[in-house]
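Below, read A as the first sequence line, B as the second, and so on, with proteins coming before strands; counting in each chain starts at 1.
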Amino acid sequence: MEWPRNPDEAFAIQDELRLKLLDGPVPAEPLTFAGVDVAYGEDRLAAAVVVLGADLSVRETAVAVGEPAFPYVPGLFAFRELPAVLEAFEGLEDKPDVIVCDGQGRAHPRRFGLACHLGVLLDLPTFGVGKTRLVGEADEPGEKRGERTALIDRGEEVGALLRTRDGVKPVYVSAGHRMDLATACALTLRLTPRYRLPETTRAADHTCRAALAQVHRGG
DNA sequence: GCGACAG
DNA sequence: ATCTTGTCGC
């Protein structure tokens, strides 16, 4: 796979892959959701993919250990952990119906955040749920779970600020590949019956941390 | 020139 | 992301 050696090459790859980004079709009733997350150690990282069923129980898990493939640059975040994430996906028995990313999808300077990038490479429906903002402005949504406001960047609606729990800080939701914002928000709510972040993200977070601790000890 | 800036 | 103690709340 072609890999950028500097930011300019990374920008070019994003511009090229963005042409493959699709708005649909959107999965009507996804039965499985994959959560992706990465944990960092000293010059090492562990990526985890956890697949949940419709009842949000864990169906399958896959991990991969590697090194950061690119320095952290806002807007180029995907290049840092994508190789390890892709390797983890290769360890899955079944392809998930939709992938939930820890970060942004189209709420990105060039409309091609991690969720878009991963979706295009795997050609699977994706969306992003970020804890903090990368681009855009939005009014504060109402205090109730389910309330949301438009995230606007340069006059374009690129995502939403969505309240997943009453009175709790909202999350940044944006569509990735083969996805639309309304569906992404609906699925995010379905994945947050109890906590601020989706169960997919939480499960993947725990799994990649455990995997990192494992190798950090040796083995 | 000075901030902002997913994880 | 990660480095870090105590602390408030269910």
Side-chain angles (χ1 to χ4, degrees), chain A residues 4 7 10-11 13-14 17-18 21 35-50 63-86 88 99-121 126-138 143 145 151-154 156 158-162 164-177 179 181 184-185 188 193-198 200-216:
Chain A
F11 292 145
I13 291 174
Q14 289 184 326
L17 290 179
R18 189 180 54 234
L21 199 55
V36 188
D37 196 21
V38 175
Y40 294 78
E42 297 217 27
D43 50 62
R44 265 192 183 182
L45 58 77
V49 179
V50 177
V63 300
V65 175
E67 297 175 5
F70 205 77
Y72 172 69
V73 178
L76 298 179
F77 171 60
F79 293 98
R80 187 168 174 71
E81 44 186 54
L82 221 37
V85 169
L86 291 173
I99 300 171
V100 186
C101 295
D102 187 10
Q104 318 296 332
R106 303 195 191 210
H108 176 279
R110 289 169 299 285
R111 310 295 181 256
F112 202 71
L114 173 64
C116 300
H117 202 144
L118 183 61
V120 166
L121 293 187
T126 61
F127 65 92
V129 179
K131 296 180 286 293
T132 59
R133 172 204 107 97
L134 174 58
V135 299
E137 294 79 41
E143 292 301 308
R145 159 179 161 85
L151 178 63
I152 308 293
D153 182 47
R154 291 176 295 162
E156 186 180 354
V158 296
L161 235 193
L162 175 68
T164 55
R165 305 301 307 163
D166 290 359
V168 172
K169 181 181 180 182
V171 296
Y172 291 79
V173 179
S174 59
H177 185 54
M179 181 61 54
L181 185 56
C185 287
T188 297
R194 175 144 194 205
Y195 299 102
R196 176 195 178 217
L197 298 179
T200 39
T201 299
R202 291 167 44 77
D205 179 69
H206 294 162
T207 303
C208 67
R209 290 197 192 211
L212 185 64
Q214 192 74 253
V215 298
H216 191 280

(request) Indicate whether OP1 or OP2 belonging to dA1(C) is found under 4.0 Å from a side-chain N or O atom of Tyr72(A). (result) no
(request) Check the distance between dG9(C)'s C1' and Tyr195(A)'s OH and give it to me in whole angstrom. (result) 14 Å
(message) Could you tell me how far apart His108(A) (NE2) and dA4(B) (C1') are, to the nearest whole angstrom?
(response) 14 Å
(message) In this structure, how many angstroms lie between the C1' atom of dA1(C) and the CZ atom of Arg44(A), rounded?
(response) 17 Å
(message) Main chain of Arg196(A), side chain of Arg202(A): is a donor-acceptor contact present, judged purely on distance under 3.5 Å?
(response) no
(message) When you measure from the side chain of Arg145(A) to the backbone of Thr164(A), do you find a donor-acceptor pair of N or O atoms at a distance under 3.5 Å?
(response) yes
(request) Determine whether Leu181(A) and Val158(A) make a side-chain contact, defined as any pair of heavy atoms from C-beta on separated by less than 4.5 Å. (result) no
(message) Please report the distance, rounded to the nearest Å, between CG in Leu134(A) and C1' in dA4(B).
(response) 10 Å
(request) Would you mind classifying the nucleic acid contact of Leu212(A) as base, sugar-phosphate or nothing, using non-hydrogen atoms under 4.0 angstrom? (result) nothing
(request) In whole angstrom, give the distance that lies between atom CZ of Arg111(A) and atom P of dA6(B). (result) 15 Å
(message) What is the distance, to the nearest angstrom, from the CZ atom on Phe77(A) to the P atom on dT2(C)?
(response) 10 Å
(request) Identify whether the distance between the nearest side-chain nitrogen and carboxylate oxygen of Arg209(A) and Asp37(A) falls below 4.0 Å. (result) no
(message) Output the rounded distance in Å from CG (Leu197(A)) to P (dA6(B)).
(response) 16 Å
(request) Would you mind reading off the distance between Arg165(A) atom CZ and dG9(C) atom C1', rounded to a whole angstrom? (result) 16 Å
(request) Would you indicate what Tyr40(A) reaches in the nucleic acid, counting non-hydrogen atoms under 4.0 angstrom: base, sugar-phosphate, or nothing? (result) sugar-phosphate
(request) Kindly point out which of dT2(C), dG7(B), dC5(B) is positioned nearest to the side chain of Ala39(A)? (result) dT2(C)
(message) Please report the interatomic distance CZ(Phe79(A)) to CZ(Phe11(A)), rounded to the nearest 0.5 Å.
(response) 9.0 Å
(message) Need one value for Gly75(A): base, sugar-phosphate or nothing, where a base atom within 4.0 Å counts as base even if backbone is also close, heavy atoms only.
(response) base
(request) Among the candidates dT2(C), dA4(B), dA6(B), find the nucleotide nearest to the side-chain atoms of Arg133(A). (result) dA4(B)
(message) Please tell me if Thr132(A) has a side-chain N or O lying less than 4.0 Å from either OP1 or OP2 of dC5(B).
(response) no
(request) For dA6(B), take OP1 and OP2 only and decide whether either is under 4.0 Å from a side-chain N or O of Lys131(A). (result) no
(request) Looking only at side-chain atoms of Arg209(A), point me to the closest of dC5(B), dA1(C), dA6(B). (result) dA1(C)
